[in-house]
Amino acid sequence: MRTQVGIVGAGPAGLLLSHILHLQGIDSVIIEAKSRSYIEERIRAGVLEHGTADLLCEIGCGQRMRAQGLVHGGIELQFSARRQRIDFQELTGGKSVVVYAQHEVLKDLIQARLDTGGQIFFEADQVSIHDFESASPHPRIRFRKDEIDHELTCDFIAGCDGFHGVCRPSIPASALQVFERVYPFGWLGILAQAPPSSHELIYSNHDRGFALLSMRSPTISRLYIQCDPEDDIAAWSDDQIWSELHARLEGIDGWKLIEGPVLQKGITGMRSFVVEPMQYGKLFLAGDSAHIVPPTGAKGLNLAAADVRLLARAFAAYYKSGRTHLLDQYSETCLRRVWKVQRFSWWMTSMLHRFEDDTPFDRRRQLAELDYVTSSRAGAQSLAENYVGLPFD
Ligand code: RFL
Ligand code: PHB
């Protein structure tokens, strides 16, 4: 098999890249380890930046998002028994975010790819990448599917295979610099059959730890609590989870959290991670394969979209004019946004979670930070412009 860009991974990064390339007349093939139904059902992110939502519309994949996504013009920050709104629209000149589940975005992108003749190999085993050093004329992706070995020859490989993929570890370790911070807590997340108790997301800094109220639809709530990352999810009963959620989110003017049957629950660890550069020879990393942010800023999917927007533009320039200047600049250009988003995600995480080794001084400083951000226009505006998404380029 032969294609122009071989893409490893059918997450947001891989699917978006493939579809944008198709619209530019560039051929790609996606190799994905999991099944289509697994990808279309896995619960992950939920918040699309203003620019990510626009991008989905520009590439013709925004119809269901526009119909079913919930447009949010602000968020609530809760601390010291107060709830303060950050008004994105007022602070950013009318911008907002869209609450629309990542797996719904993936359904839309997979459908768009299949409708336009795109090739996706789901359930590929033993995926490996070869000959992607600069001097090698033809990088290859090998994989096994339905007991048959395949080889895909391409001009370039896009490593869109997430944090645990094969692409980043295939680069010689000596060529990469790793930056990492692991947080001493995780998020226990539930999906509940219950109407959201608030129209907007509530990020709560509570003495018992962080909690977040989010949603997926007018009948489904998505809720998170800070927990020990080593906790066994089976040891948390639904009653215990609801009791923590009540304790960390209630206490404001008689506001009540609405409960409902728990449809799904899980625990994820939290880390900040970046590799530099995001390129090695003819292999380009995009999305979680190159960087991870803690979810407090709702940025992972959005950063993946920002990477592939640049990568698609660089491939388009190459195939149009033969010039590699944008491909050569890809890593440096991406990393400028990556580090600003790392900063924001780390800052939101630090401001909202309980750190076991915090001193009373640290705790007072944390609450003062929340007080500042919610009472100063400059403070609130900085949060708002980052949350809705920094401008592209
Ligand atoms: P993905 O989505 O991990 O996709 C990678 C794909 O590659 C496949 N793969 C392989 N395929 C072939 N061969 C191999 N060897 C392979 N190894 C892996 C995988 O099966 C998968 O299909 O990476 P991508 O595309 O870079 O997208 C990144 C986002 O998924 C991620 O950053 C977000 O989900 C993070 N995130 C959030 N991001 C937001 O923008 N807004 C949010 O509100 C938000 N909330 C969240 C989140 C992530 C969370 N978890 C579960 C970590 C909330 C949570 C709880
Ligand atoms: C979600 O709805 O899953 C969600 C929302 C906001 C975040 C993280 C996750 O910061």
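Counting starts at 1 for both ligands and their atoms, in listed order.
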Return yes or no for this condition: an N or O of [X] is under 3.5 Å from an N or O of ligand 1.
X    : result
H164 : no
P295 : no
G46  : yes
G287 : no
A13  : yes
G14  : no
L301 : yes
S289 : no
N302 : yes
A33  : yes

Which heavy atom of the protein is the closest neighbour of [atom], given with residue, atom name and distance?
atom                    : value
atom 44 (C) of ligand 1 : A45 CB, 2.9 Å
atom 32 (O) of ligand 1 : D288 OD1, 2.8 Å
atom 15 (N) of ligand 1 : V166 CG1, 3.4 Å
atom 1 (P) of ligand 1  : R44 NH1, 3.6 Å
atom 34 (O) of ligand 1 : Q102 OE1, 2.7 Å
atom 4 (O) of ligand 1  : G11 CA, 3.4 Å
atom 6 (C) of ligand 1  : E32 OE1, 3.6 Å
atom 24 (P) of ligand 1 : P12 CD, 3.9 Å

key: Within-shell test, A124 vs ligand 1, heavy atom, strictly < 4.0 Å   =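 For ligand 1, residue contact (heavy atoms, under 4.0 Å) with A124 is absent.
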
message = With a 4.0 Å cut-off on heavy atoms, is G189 in contact with ligand 1?
response =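 Contact absent.
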
Does [Y] offer a backbone N or O that forms a donor-acceptor pair with the side chain of [X] under 3.5 Å?
X    : Y    : value
T324 : L327 : no
R42  : Q102 : no
T3   : C154 : no
N302 : V47  : yes
Q240 : S237 : yes

Residues lining ligand 2 [heavy-atom distance under 4.0 Å, listed by chain and residue number] =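 Within 4.0 Å of ligand 2, protein side: R44, G46, V47, W187, L201, Y203, L212, S214, R216, R222, Y224, P295, T296, A298.
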
inquiry  = Against the six-membered ring of F163, is R168 placed for a cation-pi contact (under 6.0 Å from the centre, within 45° of the normal)?
reply    =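 Checked: cation-pi criterion met.
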
message = Whether R181 engages the ring of F273 as a cation-pi pair (distance to the six-membered ring centre under 6.0 angstrom, angle to the ring normal within 45°) should be assessed.
response =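 Judged by the rule (NZ or CZ under 6.0 Å from the ring centre, within 45° of its axis), R181 is not positioned above F273.
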
ask   = Do the rings of H246 and W242 sit parallel, tilted or perpendicular, given the 30° and 60° boundaries?
value =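 Correct class here is tilted.
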
Parallel, tilted or perpendicular, as decided by the 30° and 60° cut-offs, for the rings of F284 and F156 =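 Aromatic pair F156/F284 classed perpendicular.
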
query = C167 and side-chain contact (heavy atoms from CB on, under 4.5 Å): which partner among V127, I141, D161?
reply =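 For C167, the side-chain contact (heavy atoms from CB on, under 4.5 Å) test succeeds with only one of V127, I141, D161, which is D161.
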
request  = Could you tell me whether atom 48 (C) of ligand 1 has at least one protein heavy atom nearer than 4.0 Å?
outcome  =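 Protein heavy atom within 4.0 Å of atom 48 (C) of ligand 1: absent.
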
Ring pair (Phe, Tyr, Trp, His ring centres under 6.0 Å) assessment of F179 paired with W339 = CA-CA 11 Å; F179 303 84; W339 277 110; 5.4 Å; yes

For ligand 1, which atoms sit closer than 4.0 Å to a heavy atom of [X]?
X    : answer
C160 : 5 (C), 6 (C), 7 (O)
G162 : 3 (O), 5 (C), 23 (O)
V8   : 12 (C), 13 (N)
K34  : 20 (O)
A298 : 39 (C), 40 (O), 41 (N), 42 (C), 43 (O)
G165 : 17 (N)

query = Heavy atoms only: which of T268, I31, V341 is nearest to atom 50 (N) of ligand 1?
reply =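 Among T268, I31, V341, the closest heavy atom to atom 50 (N) of ligand 1 belongs to T268.
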
task = May I ask which of V127, D161, L16 has a heavy atom nearer to atom 16 (C) of ligand 1 than the others do?
result =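 The nearest heavy atom belongs to D161.
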
key: Side-chain hydrophobic cluster, 4.5 Å single linkage: members besides L191   =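 Cluster partners of L191: I43, I220, L263.
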
Would you say the side chain of [Y] lies within less than 4.5 Å of the side chain of [X], judging by non-hydrogen atoms?
X    : Y    : answer
I120 : L114 : yes
M270 : W187 : yes
D54  : E49  : no

inquiry  = With a heavy-atom distance limit of 4.0 Å, tell me whether Y224 approaches ligand 1 through its side chain, its backbone, both, or neither.
reply    =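 It is the side chain that touches ligand 1; the backbone stays farther off.
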
key: K299, portion touching ligand 1 at heavy-atom distance under 4.0 Å   =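 K299 to ligand 1: backbone contact only, side chain stays beyond 4.0 Å.
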
request  = Say whether D155 and H138, considering side chains only, have a donor N or O and an acceptor N or O under 3.5 Å apart.
outcome  =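 Looking only at side-chain atoms, H138 and D155 do not form any donor-acceptor pair under 3.5 Å.
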
Does [X], at its [atom1] atom, have more than 12 non-hydrogen atoms belonging to other residues, nucleotides or ligands within less than 6.0 Å?
X    : atom1 : answer
D253 : CG    : no
Q63  : CD    : no
R364 : CZ    : no

task = Return each pair, listed once, that meets side chain to side chain donor-acceptor pair (under 3.5 Å) where at least one residue sits in residues 190-200; pairs must be two or more places apart or across chains.
result =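 Only R85-E200 qualify under side chain to side chain donor-acceptor pair (under 3.5 Å).
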
request  = Keeping to residues at least two apart or across chains, list the ring-ring contact (aromatic ring centres under 6.0 Å, His included) pairs with something in residues 49-103.
outcome  =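 Of all non-adjacent pairs touching residues 49-103, those that pass ring-ring contact (aromatic ring centres under 6.0 Å, His included) are F88-Y387.
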
